[in-house]
There are 2 protein chains.
Amino acid sequence: MTTASPGGPRWLTDEEQGVWRAYLHATTLMEDHLDRQLQRDAGMPHVYYGLLVHLSQAPRRRKRMTELAKDAKITRSRLSHAVARLEKNGWVRREDCPSDKRGQNAILTDEGHAMLARSAPGHVEAVRQAMFARLSPEQVRSLGEIMRVIAAGLQPEDTDADLPWLR
Amino acid sequence: MTTASPGGPRWLTDEEQGVWRAYLHATTLMEDHLDRQLQRDAGMPHVYYGLLVHLSQAPRRRKRMTELAKDAKITRSRLSHAVARLEKNGWVRREDCPSDKRGQNAILTDEGHAMLARSAPGHVEAVRQAMFARLSPEQVRSLGEIMRVIAAGLQPEDTDADLPWLR
DNA sequence: GACCTTTTCTTGAAAGTTGAACTAGATAGA
DNA sequence: TCTATCTAGTTCAACTTTCAAGAAAAGGTC
């Protein structure tokens with residue numbers, strides 16, 4: 001299976017296939033694990049929890065919808081639905097943006113903040129036990145580097161945002 | 001934030017937090033990327049594609065539902081829905097299991113196999129470009145090891161399946 | 001201002017996922 | 001055998017995600 005057919009499709013080496021399978025395996029188990037943990041302890045899926053965390057770290061605990069969507073790596077549509085749900089729970093509220101009448105700010109409520117404070121320790125502990133408790137310091141460092149490389153490669157790039165002279 | 005409050009909740013170090021963010025970032029971008037790639041080129045989400053791959057590698061291209069669910073790390077319920085959909089596409093069919101009247105075999109059809117053959121090269125290429133083309137051989141090796149450790153830690157364990165003497 | 005394009009956010013329907021409830025068949029013990 | 005329990009798989013309802021479409025405001029350009 002490692003054979004390279006010149007011109008034809010290039011497959012993965014046996015080692016690469018093994019790594020890919022391990023990657024898929026580990027990441028799906030991790031996501032399932034955290035989804036269940038948070039559904040049980042915080043009553044929401046992992047993504048929603050991530051939204052609250054983002055808001056909690058933003059100045060004045062609020063953020064424009066589009067910016068929040070970008071930070072959390074989800075579509076604006078998905079965010080609209082998510083915020084609607086979190087609003088029903090009382091953890092987030094919306095407010096019109098004063099400077100742009102199209103805009104909306106999503107705001108973490110006190111209830112939302114309290115819920116976060118309550119569930120954060122358990123969640124951190126779950127992450128630690130699933131990942132950091134099992135890896136050597138060297139592996140942690142290496143994992144960080146690898147994940148940053150992969151993310152950079154998949155990032156929409158936002159071309160010439162940093163290269164205005166190319167316009 | 002690196003401060004440890006003895007007895008209180010233990011947080012992550014700054015480095016661990018950074019690694020965790022990079023991990024979430026990279027894995028969600030990767031999953032989105034592959035989902036879109038396969039939806040576009042094969043007309044199905046990544047998970048469904050994975051089911052076909054599993055079947056294609058099984059003896060006689062068939063597998064019991066429960067076993068398939070276990071291999072693909074999804075619930076039996078999710079698999080039922082997925083197979084129903086793949087059946088509509090003509091890529092999979094079901095057959096009663098002869099030895100166990102409760103049982104069903106999911107079988108990869110010729111059409112399904114053809115579709116897989118058609119879309120595999122593009123998918124492999126997407127995986128290569130997103131991951132292996134960007135990592136050094138040493139990083140690939142390291143990633144494999146790390147992912148295996150994490151997966152092992154999250155695995156349901158299946159206690160004493162390998163330890164029958166403990167019964 | 002009038003016109004065109006872009007951006008922001010929401011909506012609605014279709015597709016996918018989850019967890020619990022349920023049916024039917026297998027299994028084990030009295 | 002009769003009964004209780006377990007396993008395989010499906011189904012239902014509630015929820016989440018996606019995609020395409022749309023309303024409203026902003027930002028040009030003439």
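Side-chain atoms are counted along with the backbone in the values below, which use heavy atoms only and exclude waters and symmetry mates. Convention: sequence-line order gives letters A, B, ...; per-chain numbering from 1.
For a distance-only test at 3.5 Å, the side chain of A/Ser77 qualifies as a donor-acceptor partner of the base of C/dT11.
Put simply, CZ on A/Arg76 is 6 Å from C1' on C/dT8, counting in whole angstrom units. Distance CD (B/Gln39) to P (C/dA14): 16 Å, rounded to an integer number of Å. Rounded to whole Å, the distance from CG on B/Asp32 to P on C/dG16 is 16 Å. The distance between atom NE2 of A/His81 and atom P of C/dT17, rounded to the nearest whole Å, is 17 Å. At whole-Å resolution of the value, CZ in B/Arg78 and C1' in C/dA15 are 12 Å apart.
Remark: A/Thr28 engages no residue in a side chain to side chain donor-acceptor pair (under 3.5 Å) (not counting sequence neighbours). For B/Arg62, the side chain to side chain donor-acceptor pair (under 3.5 Å) partners are B/Glu95, not counting sequence neighbours. A/Asp71 pairs by the side chain to side chain donor-acceptor pair (under 3.5 Å) definition with A/Lys63, not counting sequence neighbours.
Sorted by first then second residue, the ring-ring contact (aromatic ring centres under 6.0 Å, His included) pairs that include residues 68-112 of chain A, not counting sequence neighbours, number zero. Among residues at least two apart or in separate chains, salt bridge (Lys or Arg N to Asp or Glu O under 4.0 Å) pairs with a member in residues 74-92 of chain B are B/Glu87-B/Arg94.
Residues of residues 87-99 of chain A that place a heavy atom closer than 4.0 Å to DNA chain C, in numerical order, are A/Arg94. Non-hydrogen atoms lying under 4.0 Å from DNA chain C are contributed by A/Arg64, A/Met65, A/Thr66, all within residues 49-69 of chain A.
For B/Glu125 and B/Arg128, the salt-bridge test passes: some basic side-chain N is under 4.0 Å from an acidic carboxylate O. A salt bridge links B/Glu138 to B/Arg141: one of the charged nitrogens lies within less than 4.0 Å of a carboxylate oxygen.
Two residues are said to be in side-chain contact when any heavy atoms from C-beta on lie closer than 4.5 Å; B/Met131 and B/Val140 fail this criterion. Counting heavy atoms from C-beta outward, A/Val83 and A/Gln104 have side chains that stay 4.5 Å or more apart.
Both A/Ser80 and B/Ala82 sit near DNA chain C, but only A/Ser80 has its closest nucleotide nearer the 5' end. Between A/Leu79 and B/Pro45, the residue anchored nearer the 5' end of DNA chain C, judged by the nucleotide with its closest heavy atom, is A/Leu79.
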Identify each donor-acceptor pair in which a side-chain atom of residues 19-27 of chain A lies under 3.5 Å from a protein atom, sequence neighbours left out, and give them as a table.
{"residue": "A/His25", "atom": "NE2", "partner": "B/Lys73", "partner atom": "NZ", "Å": "3.4"}
{"residue": "A/His25", "atom": "NE2", "partner": "B/Gln155", "partner atom": "NE2", "Å": "3.1"}
{"residue": "A/Thr27", "atom": "OG1", "partner": "A/Tyr23", "partner atom": "O", "Å": "2.8"}
{"residue": "A/Thr27", "atom": "OG1", "partner": "A/Leu24", "partner atom": "O", "Å": "3.2"}

Under 3.5 Å donor-acceptor pairs involving side-chain atoms of residues 39-52 of chain B, not counting sequence neighbours:
{"residue": "B/Asp41", "atom": "OD2", "partner": "B/Gln37", "partner atom": "NE2", "Å": "3.0"}
{"residue": "B/His46", "atom": "ND1", "partner": "B/Glu31", "partner atom": "OE1", "Å": "3.3"}
{"residue": "B/His46", "atom": "ND1", "partner": "B/Glu31", "partner atom": "OE2", "Å": "3.4"}

Could you list the donor-acceptor pairs under 3.5 angstrom formed by side chains in residues 110-122 of chain B, with sequence neighbours left out?
{"residue": "B/His113", "atom": "NE2", "partner": "B/Arg61", "partner atom": "NH2", "Å": "3.1"}
{"residue": "B/Ser119", "atom": "OG", "partner": "B/Met115", "partner atom": "O", "Å": "2.8"}

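Regarding contacts with the backbone of C/dA15, every side-chain N or O of B/Arg85 stays at 4.0 angstrom or more from both OP1 and OP2.
Here the straight-line distance linking atom CG of B/Leu143 with atom CD of A/Glu145 works out to 12.0 Å at 0.5 Å rounding.
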Criterion side-chain contact (heavy atoms from CB on, under 4.5 Å) on A/Gln139 and A/Arg134, from CA distance to verdict: CA-CA 9 Å; A/Gln139 284 179 315; A/Arg134 304 179 186 278; over 6 Å; no
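The footprint of chain A on DNA chain D, defined by a heavy-atom cutoff below 4.0 Å, extends from D/dT16 to D/dA26.
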Expected rows: protein N/O vs nucleotides 21-25 of chain C N/O, under 3.5 Å:
{"residue": "C/dG25", "atom": "N2", "partner": "B/Arg102", "partner atom": "NH1", "Å": "3.0"}

